[in-house]
2 protein chains.
Amino acid sequence: MTTKIYKGNCPVIDALTIIGGKWKLPLLWHLANNQSGIRYNALKRKLDGITNIMLTRSLRELEEDGLVTRVQYPEIPPHVNYSLTEQGEKLIPALLTIKEWGEQLQESKNDWGKKASSHS
Amino acid sequence: MTTKIYKGNCPVIDALTIIGGKWKLPLLWHLANNQSGIRYNALKRKLDGITNIMLTRSLRELEEDGLVTRVQYPEIPPHVNYSLTEQGEKLIPALLTIKEWGEQLQESKNDWGKKASSHS
DNA sequence: CCGAATCCTGTGAGATACTG
DNA sequence: CAGTATCTCACAGGATTCGG
């Protein structure tokens, strides 16, 4: 994936396709931590290693998918602000669910299945 | 993605990487619907269009990631049964959370935020 | 300051054929 | 029945360069 496969058939796949790019999650994460919005270059600094084109692409796609709002102030110098939409905000709790599962998975990969008999 | 990026840093990305392949979700879905397990060829029939190699690869990866159990009965003809592990089962509720979000997203993409008031 | 256009490459995905 | 072995191809990701 993040190749689109069963178009429209499955909301889960749709969702994962939307957030499936390499930078989408980090991007959403930083946007979630800046509810007042954040500027392009600030975003770029936080996402260490991202190039202009990847940042622009990712932002555009998230915008088209209705997760991100872009507000442009026609000033000199230019000023563009990005923030999560309501739909974008709603995604965060879902991601936290996944996060917990991922943490459980990492724990279970450590050996501790054997020594756990102390709490019963 | 599902290129691995920030190895180990983020459980969310880890999780999405694991379930990120093209057939992973459909596969997990069918496994979730057959708690007693399901055989290779039965799985293949349900996943219409999948090739042997993709099915094998996907199963192996899920097995290595601890989501799927492979049980082989040394009979003639061979009989191999696949089923979800506990970790695999735990993933399902998380996916349902994502599913709900995806459904909300599709609703909001239909135009009906706008037309709600005026058609006089 | 905020991007777009072009070109290149590594990897996921698949077609096809063969095996214990 | 349950897989493997190669080969090819498309596409996401990225380097580089340029513009309002």
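Reminder, nothing fancy here: chain letters follow the sequence lines and each chain counts from 1.
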* Between A:Lys44 and A:Ile50, is there a donor-acceptor pair closer than 3.5 Å when you use the side chain of the first and the backbone of the second? -> no
* Between C:dC1, D:dA15, D:dG3, spot the one nearest the side chain of B:Tyr82, thanks. => D:dG3
* To do: Ignoring the backbone of B:Thr56, work out which of D:dT4, C:dC1, D:dT6 is nearest its side chain.
  => D:dT4
* Whole-Å distance separating the CZ atom of B:Arg39 from the C1' atom of D:dG3 -> 13 Å
* Asked: What integer distance in Å separates B:Ile50:CD1 from D:dG3:P?
  -> 12 Å
* What's the shortest heavy-atom distance between B:Leu47 and B:Pro26, and which atoms? -> CD2-CB, 3.5 Å
* Atom CD of B:Glu86: over 12 foreign heavy atoms under 6.0 Å -> no
* Donor/acceptor link under 3.5 angstrom from A:Arg57 side chain onto base of D:dG13 -> yes
* Is the closest basic N to carboxylate O distance between B:Lys99 and B:Glu103 below 4.0 Å? -> yes
* Specify the residues of residues 60-81 of chain A, ordered by number, for which at least one heavy atom lies under 4.0 angstrom from an atom of DNA chain D. => A:Pro78
* To do: Give B:Asn52 one of three labels, base, sugar-phosphate or nothing, depending on what nucleic acid heavy atoms sit under 4.0 Å from its own.
  => base
* Asked: Contact class for B:Leu55 (heavy atom, under 4.0 Å): base, sugar-phosphate, or nothing?
  -> nothing
* Structure fact -> Value for NE2 (A:His30) from CG (A:Leu25), rounded to nearest 0.5 Å, stands at 11.0 Å
